[in-house]
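Here the structure comes first, spelled out in structure tokens, and everything after it is commentary.
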Amino acid sequence: MLNDLEGGAGALCFATGMAAISSALFALLKAGDHIIVSQYLFGNTRSFFDTIVDFGVQVTYADVTDIGEVMDAYQPNTKGVYTETVANPVTQVADLRAIGQFCDEKGILFMVDNTMTPPPMLYAKDFKASLIFCSLTKYIAGHGNVLGGAVIDTGEFNWQTFGNIKPGY
């Protein structure tokens, strides 16, 4: 159902939204990689990105409301950009269209946490999102009475160009 709502190619569900984020990023990133991350994040998500540095992943926090800052943060080893559509809890709005275009031009992942603006409010795929994350605890399930998370592959990214996936897969 979540995959259908987002227009995805496939989805995985997890016990929590943080489990979806951490599982996917630990699977996709390795020591020496770089990721550009919104400076405006849900507290636990920020803690995760602060922790992933201990595993050798370089993290640059950028103001995602300003595409210039995102572009300036790009490095040759950048694997993607991670942002929330609308930051929780302070509600800054990422420049999704410009970031999606930038990621598409660079051939890097555009990872969007769509928790605060689930479909049909916003379709992150329309902004060239590669992966969509959501916490089911918020709008999908209601008022914090259920825990769950998901990551949806939109089918927009060419995984054959992603160097961290082993040939056997």
Side-chain angles (χ1 to χ4, degrees), residues 2-3 5-14 16-30 33-53 55 57-67 69-71 73-75 77-88 92-119 122-136 138 140 149-165:
L2 294 169
N3 190 57
L5 282 171
E6 293 284 8
L12 291 173
C13 289
F14 296 84
T16 65
M18 287 308 305
I21 293 166
S22 59
S23 295
L25 291 172
F26 273 129
L28 293 172
L29 301 174
K30 63 181 183 181
D33 288 343
H34 175 254
I35 185 168
I36 302 165
V37 178
S38 171
Q39 69 185 29
Y40 311 112
L41 290 175
F42 175 65
N44 289 338
T45 307
R46 175 70 182 235
S47 294
F48 169 74
F49 281 108
D50 289 343
T51 300
I52 204 169
V53 171
F55 293 86
V57 176
Q58 300 166 2
V59 175
T60 300
Y61 293 101
D63 179 351
V64 293
T65 67
D66 180 353
I67 188 60
E69 280 202 28
V70 174
M71 294 169 73
Y74 180 82
Q75 300 175 15
N77 59 334
T78 299
K79 296 295 183 188
V81 176
Y82 183 96
T83 188
E84 296 172 355
T85 53
V86 175
N88 178 10
Q92 293 88 348
V93 178
D95 189 347
L96 299 175
R97 189 166 314 284
I99 297 170
Q101 182 65 36
F102 173 74
C103 290
D104 189 49
E105 290 169 5
K106 293 292 186 183
I108 60 175
L109 290 168
F110 183 27
M111 297 165 279
V112 174
D113 185 325
N114 205 24
T115 297
M116 298 296 284
T117 53
L122 183 136
Y123 292 98
K125 183 177 179 178
D126 291 346
F127 300 94
K128 301 185 179 188
S130 312
L131 294 175
I132 300 170
F133 296 87
C134 65
S135 169
L136 306 179
K138 313 295 187 293
I140 296 290
V151 59
I152 297 101
D153 178 349
T154 64
E156 295 292 312
F157 187 75
N158 179 1
W159 290 102
Q160 293 178 336
T161 65
F162 195 74
N164 289 0
I165 296 178

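Residues take their numbers from the sequence shown, with the count starting at 1. Below, all heavy atoms of this structure are taken into account, side chains as well, without hydrogens, waters or symmetry copies.
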Side chain Thr78, main chain Tyr74, donor-acceptor under 3.5 Å
no
Taking side chain to side chain contact (heavy atoms under 4.5 Å, CB included) as the criterion, tell me which of Leu41, Asp63, Thr65 meets it with Gln92.
Thr65
Correct closest heavy-atom pair for Ile152 and Cys134 would be CD1-SG, 4.5 Å
Are any of the side-chain heavy atoms of Thr154 and Lys128 separated by less than 4.5 Å?
no
Is the closest side-chain heavy-atom distance between Ile99 and Ile67 below 4.5 Å?
yes
Taken to the nearest 0.5 Å, the spacing of Asn114 CG from Glu84 CD works out to 10.5 Å
Below 4.5 Å, heavy atoms only, C-beta onward: do Asp113 and Thr83 meet side chain to side chain?
no
For a 4.5 angstrom cut-off between non-hydrogen side-chain atoms, does Asp104 reach Phe157?
no
State, with a plain yes or no, whether a side-chain heavy atom of Ile21 is found less than 4.5 Å away from one of Phe26.
no
Contacts of Tyr40 that satisfy ring-ring contact (aromatic ring centres under 6.0 Å, His included) - sequence neighbours left out
none
Determine, stepwise, if the pair Ile52 / Leu29 fulfils side chain to side chain contact (heavy atoms under 4.5 Å, CB included).
CA-CA 9 Å; Ile52 204 169; Leu29 301 174; 4.1 Å; yes
Determine the minimum heavy-atom distance between Arg97 and Asp126, stating which atoms define it.
NH1-O, 4.2 Å
Rounded distance [0.5 Å steps], CD1 in Ile132 versus CG in Leu2
10.5 Å
For Phe49 and Val57: C-alpha separation, side-chain torsions, deciding distance, then whether side chain to side chain contact (heavy atoms under 4.5 Å, CB included) applies.
CA-CA 9 Å; Phe49 281 108; Val57 176; over 6 Å; no
Partner residues of Glu105 under the side-chain hydrogen bond (donor to acceptor under 3.5 Å, both in side chains) criterion, sequence neighbours left out
Gln101
Pairing residues for Asp66 by the salt bridge (charged side-chain N to carboxylate O under 4.0 Å, His left out) criterion, not counting sequence neighbours
none
Considering residues at least two apart in sequence or located in another chain, which fulfil the side-chain hydrogen bond (donor to acceptor under 3.5 Å, both in side chains) criterion with Glu156?
none
With a 4.5 Å limit on heavy-atom distance, are the side chains of Asn88 and Thr115 in contact?
no
How long is the span from the NE2 atom in His34 to the CD1 atom in Ile108, to the nearest 0.5 Å?
9.5 Å
Those residues at least two apart in sequence (or on a different chain) that pass side-chain hydrogen bond (donor to acceptor under 3.5 Å, both in side chains) with Gln39 are none
Looking at CZ of Phe133 and CZ of Phe14, how far apart are the two atoms once the value is rounded to the nearest 0.5 Å?
8.5 Å
With a 6.0 Å cut-off on the ring centroids, do Phe127 and Phe110 count as close?
no
Distance from Leu28 atom CG to Ser23 atom OG, nearest 0.5 Å?
10.5 Å
Please indicate whether Met71 has more than 12 foreign heavy atoms, meaning atoms of other residues, nucleotides or ligands, lying under 6.0 Å from its CE.
no
So Thr60 and Gln75, side chain to side chain contact (heavy atoms under 4.5 Å, CB included) or not? Walk me through it.
CA-CA 10 Å; Thr60 300; Gln75 300 175 15; 3.9 Å; yes
Say you draw a straight line from CD of Gln58 to CD1 of Ile36; how long is it, rounded to the nearest 0.5 Å?
11.5 Å
Indicate yes or no for a side-chain donor-acceptor contact from Asp153 to the backbone of Gly10 under 3.5 Å, with no hydrogens or angles considered.
no
For Ala20 and Val151, work out which heavy atoms get closest and say how close.
CB-N, 4.3 Å
Can Arg46 be said to sit on top of Tyr61's aromatic six-ring, NZ or CZ under 6.0 Å from centre and within 45° of the ring axis?
yes
Considering only heavy atoms from C-beta outward, does the side chain of Leu96 approach that of Thr85 to under 4.5 Å?
yes
Excluding sequence neighbours, so at least two apart, what forms side-chain hydrogen bond (donor to acceptor under 3.5 Å, both in side chains) with Asn44?
none
Criterion side chain to side chain contact (heavy atoms under 4.5 Å, CB included) on Ile35 and Lys79, from CA distance to verdict:
CA-CA 6 Å; Ile35 185 168; Lys79 296 295 183 188; 5.8 Å; no
Quick one: closest heavy-atom pair of Ala124 and Val112, and the distance?
CB-CG1, 4.0 Å
